[in-house]
Structures are given as C-alpha cells and as structure tokens.
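Have a look at the structure below, then the notes.
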Amino acid sequence: SLDDAIVTIKASNGTYRMRDTLLVRPDTTRYKSPLHAFVLDPFTPEHGRSYEVIVQSTHFGIASASVVVPQQSNLSISSEITQVLDHPETFSQDRPIIFIGQLSGNSKGYVFRLFLYYDVLKGSRWVEERTEVPISSSDSSSFSLDIPRYPQLAATPSTSQIGLMYRNGYYRAIINRVNSRYSGNKIVFKWVTFVVLQADRNLYEYYSITHADRDPFSIRLDQPMISHVDGGLGLVGAYTLDSLVSVLPNKFWGNR
C-alpha cells in the first residue's frame with residue numbers, strides 16, 4: 001500500500017500535488033477493499049508541454065517518470081471528399097474517402113478512427129449514438145461488414161505526414177446497418193467525425209512491446225515487461241485526441 005505516498009506533477013508552469021482518494025471496486029468477488037488512488041482535478045495537460053510525475057514514499061523511496069504531450073495535429077479533407085460524405089448514394093462503392101493529417105513532430109505513434117453520429121427516436125426520446133466505419137472486412141469485394149477491420153496503432157512516419165483511405169462502400173454499409181437495426185424508428189444522421197490519437201514515446205513503446213507477441217503464426221506465451229519509471233515499475237504515458245467534424249445535410253440519404 002502507498003498510504004504514505006506524496007504524488008506530484010511537475011511542469012514548466014508549476015508543480016501540482018495530487019490528492020489521495022478511494023475508488024469503489026465494481027466487482028468485489030476477489031478483492032474486497034477499495035482502490036487507493038491519487039487524483040488531480042481540475043487539470044488539463046497542454047499540447048507540447050512536458051510533465052514529470054514524482055511519487056515519494058517513506059517506505060518505498062522515490063519513483064518518477066516524465067512525458068512530453070504531442071503537439072496538436074492538423075487534419076483536412078478536400079471538398080470532393082465532403083461531397084462523398086454528404087451524398088454517398090451518388091458515388092460508387094469503390095470511391096475512396098481520403099483524410100490527410102500532419103502529425104506532431106514529437107508523436108511516436110498514431111491511430112485513426114472514423115465515426116458516424118446519429119440521433120434515433122426511442123419512444124418519445126431522441127438518443128444520440130455513434131458507430132465506427134471500418135477500413136476493410138473479410139470480403140472487401142462486396143463491402144460486407146462481417147469481421148470488420150479497423151486501423152491499428154502505427155509508428156509516426158519521419159515526415160509526420162499521413163493519409164488514410166476509407167471506401168464509400170463501407171460508409172454506405174454502416175448507414176444501411178443502422179437503418180436495419182432501427183427499422184421502426186426515426187433516424188437523423190448528424191455528422192461524421194474523423195479522430196486521430198497521437199501517442200508519446202512511452203505509450204507507443206509500451207504498446208509495441210506488449211503487442212509484439214500477437215503473431216497468428218507464433219505459439220509464444222510470455223508477455224514482455226517494459227517500464228519507463230525510474231525507481232519503480234509501471235507506465236506514465238501521454239496521448240492526444242484531435243478531430244475533424246463534417247456536418248451532414250438536413251436531407252441526408254440515410255435519414256428516415
């Protein structure tokens with residue numbers, strides 16, 4: 001237990017002391033006691049700023065780790081791609097939907113997501129939901145949604161410039177699936193959100209090493225250990241989430 005610990009976050013603009021608290025476990029089948037944690041609220045990490053987490057304990061000594069939060073990315077889509085998002089029924093299924101991004105120079109890994117947001121009327125209440133558009137599936141020729149595949153965390157290229165391509169066929173398939181799921185409800189599709197997660201060096205290296213054994217042709221069972229904490233074991237990492245939103249027209253093809 002770290003009941004005697006003092007946890008601080010040191011930044012270039014000051015030092016913040018975290019307060020200890022207890023978190024109730026959702027499942028007490030195995031562990032009965034609550035979780036002892038340290039929190040800092042309000043606190044918002046800033047793009048491009050470095051932070052050092054320091055844990056001081058009379059019994060266990062001092063452990064520390066530092067991170068640099070990636071700077072904000074720059075995302076863009078062309079007017080032609082916006083037309084595909086707004087009127088998918090007028091374009092072929094093979095039509096590419098391309099997003100371009102300029103990532104942070106200190107980003108080490110990234111992953112993209114494409115979400116479709118909509119409101120569905122359930123009884124007398126409108127409920128907002130979202131669904132993710134895949135980049136491929138087990139049958140890309142028919143744009144089937146069986147065994148969908150989504151982008152995975154990848155290394156940031158040396159140029160920090162990236163592009164990701166979706167297909168209109170999967171975009172349309174997702175719209176049709178939502179309409180099929182709620183065949184008796186009113187639906188209004190609102191916008192498409194393109195999200196990019198940028199991971200710092202610590203987080204990307206941890207992910208890469210702990211996922212290196214996930215080879216479908218390998219039978220290795222061990223999980224490698226990695227730690228970026230000086231004086232202890234664990235991970236202190238940082239990531240950012242940036243998004244680009246394309247609002248859909250009022251008379252969108254999928255609305256019902």
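Computed over heavy atoms, backbone and side chain alike; hydrogens, waters and symmetry mates excluded.
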Check the pair Ser227, Leu233 against side-chain contact (heavy atoms from CB on, under 4.5 Å), reporting the backbone distance first and the verdict last. CA-CA 5 Å; Ser227 175; Leu233 293 177; 3.9 Å; yes
How close do [X] and [Y] get, counting heavy atoms only, and between which atoms?
X      : Y      : result
Met165 : Ile98  : CG-CG1, 3.9 Å
Val133 : Tyr166 : O-CE2, 3.2 Å
Val247 : Trp191 : CA-CB, 3.8 Å
Ser57  : Phe60  : OG-N, 3.2 Å
Ser92  : Asn168 : O-ND2, 3.1 Å
Pro249 : Asn255 : O-ND2, 4.3 Å

Would you check if the side chain of [X] reaches a backbone N or O of [Y] as a donor-acceptor pair within less than 3.5 Å?
X      : Y      : answer
Asp200 : Asn106 : no
Arg167 : Asp94  : yes
Asn202 : Ala238 : no
Ser50  : Val67  : no
Asp242 : Val196 : no
Gln93  : Phe143 : no
Ser183 : Asn179 : no
Arg149 : Ile135 : no
Ser208 : Tyr204 : yes
Tyr239 : Gly109 : no

Is any side-chain heavy atom of [X] closer than 4.5 Å to a side-chain heavy atom of [Y]?
X      : Y      : result
Pro157 : Tyr110 : yes
Arg125 : Val127 : yes
Phe252 : Tyr118 : no
Gln198 : Thr156 : no
Pro134 : Leu145 : yes
Arg177 : Thr131 : no
Leu75  : Ile100 : no

Sub-6.0 Å ring centroid separation between Phe43 and Tyr16: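 Yes, the ring of Phe43 comes within the 6.0 Å limit of the ring of Tyr16, centre to centre.
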Would Leu22 and Leu35 satisfy side-chain contact (heavy atoms from CB on, under 4.5 Å), going step by step from the backbone distance to the final call? CA-CA 5 Å; Leu22 295 177; Leu35 292 170; over 6 Å; no
Might you work through the side chain to side chain donor-acceptor pair (under 3.5 Å) test for Ser141 and Asp139, ending with a clear yes or no? CA-CA 5 Å; Ser141 61; Asp139 185 2; 2.5 Å; yes
Atom [atom1] of [X] and atom [atom2] of [Y]: how far apart are they, to the nearest 0.5 Å?
X      : Y      : atom1 : atom2 : answer
Arg17  : Thr8   : CZ    : OG1   : 8.5 Å
Asn74  : Ser160 : CG    : OG    : 12.0 Å
Arg95  : Arg172 : CZ    : CZ    : 13.0 Å
Ile97  : Ile77  : CD1   : CD1   : 9.5 Å
Lys122 : Asp119 : NZ    : CG    : 11.0 Å
Arg113 : Arg130 : CZ    : CZ    : 10.0 Å

Check whether more than 12 heavy atoms from other residues, nucleotides or ligands sit under 6.0 Å from atom [atom1] of [X], and answer yes or no.
X      : atom1 : result
Lys32  : NZ    : yes
Phe91  : CZ    : yes
Asp230 : CG    : no
Ile147 : CD1   : no
Lys10  : NZ    : no
Asn13  : CG    : yes

Can you see whether Thr29 engages Asp27 through a side-chain donor-acceptor pair at a distance of less than 3.5 angstrom?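 Judged by distance alone, the side chains do pair up.
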For Thr193 and Tyr117, which I'm curious about, is there any donor-acceptor pair between the side chains at under 3.5 Å?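 There is no such pair between these side chains.
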Shared hydrophobic cluster for [X] and [Y] (ILVMFWY, side-chain gaps under 4.5 Å):
X      : Y      : value
Leu116 : Val111 : no
Trp253 : Ile81  : yes
Val192 : Val188 : no
Phe99  : Val84  : yes
Phe112 : Leu153 : no

Check against side-chain contact (heavy atoms from CB on, under 4.5 Å), Val236 and His228: CA-CA 7 Å; Val236 176; His228 290 96; over 6 Å; no
Using the side-chain hydrogen bond (donor to acceptor under 3.5 Å, both in side chains) definition, which of the options Arg49, Glu46, Glu52 pairs with Ser12?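 Only match with Ser12 under side-chain hydrogen bond (donor to acceptor under 3.5 Å, both in side chains): Arg49.
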Given salt bridge (charged side-chain N to carboxylate O under 4.0 Å, His left out), test Lys108 with Glu205 step by step and report yes or no. CA-CA 8 Å; Lys108 296 303 179 183; Glu205 289 182 356; over 6 Å; no
